[in-house]
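Below: the structure, in structure tokens.
Sequential numbering from 1 along the given sequence is applied to the chain's residues.
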Amino acid sequence: ALRNLNEHETVIEYILDNLKTGEEKIIFLMDLVNVAMADNFISPEENEFALKFALKLGISENIYELVNTLYVLLKIM
């Protein structure tokens, strides 16, 4: 577990520095959304966090919403 804000920021910096391609960024975002939706629901706080992360990765809000919607649909099926 992350112990403090500095560790949290270090992890985020590492992720942002090491995800180079658009494909890697989308796959990471999909994993993030999948974990957030483990209980078949994404809270407003989790959604806001994932969206902020997507924007930091250079993924538009529209693409984020598409990924989120696809996960909702897949969970329903």
Pair Val35-Glu46, side chain to side chain contact (heavy atoms under 4.5 Å, CB included): steps then yes or no: CA-CA 10 Å; Val35 169; Glu46 291 169 321; over 6 Å; no
Indicate the atoms forming the closest heavy-atom contact of [X] with [Y], along with that distance.
X     : Y     : value
Leu55 : Glu61 : CD2-N, 4.0 Å
Leu29 : Ala50 : CD1-O, 4.0 Å
Lys20 : Lys25 : O-CE, 3.9 Å

So Ile63 and Ile26, do their side chains get closer than 4.5 Å, heavy atoms only?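 Ile26 reaches Ile63 side chain to side chain.
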Using the rule that Ile, Leu, Val, Met, Phe, Trp and Tyr join whenever any side-chain heavy atoms are under 4.5 Å apart, tell me whether [X] and [Y] fall into a single cluster.
X     : Y     : answer
Ile12 : Ile15 : yes
Tyr64 : Leu16 : yes
Leu57 : Val11 : yes
Met30 : Ile59 : yes

Applying the side chain to side chain contact (heavy atoms under 4.5 Å, CB included) criterion to Met37, which one of Leu32, Asn47, Ile42 satisfies it?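 Answer to the side chain to side chain contact (heavy atoms under 4.5 Å, CB included) test with Met37 among Leu32, Asn47, Ile42: Ile42.
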Who passes ring pair (Phe, Tyr, Trp, His ring centres under 6.0 Å) against Phe53, sequence neighbours left out?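 Testing Phe53 for ring pair (Phe, Tyr, Trp, His ring centres under 6.0 Å), a comparison that skips the adjacent residues, returns Phe28, Phe49.
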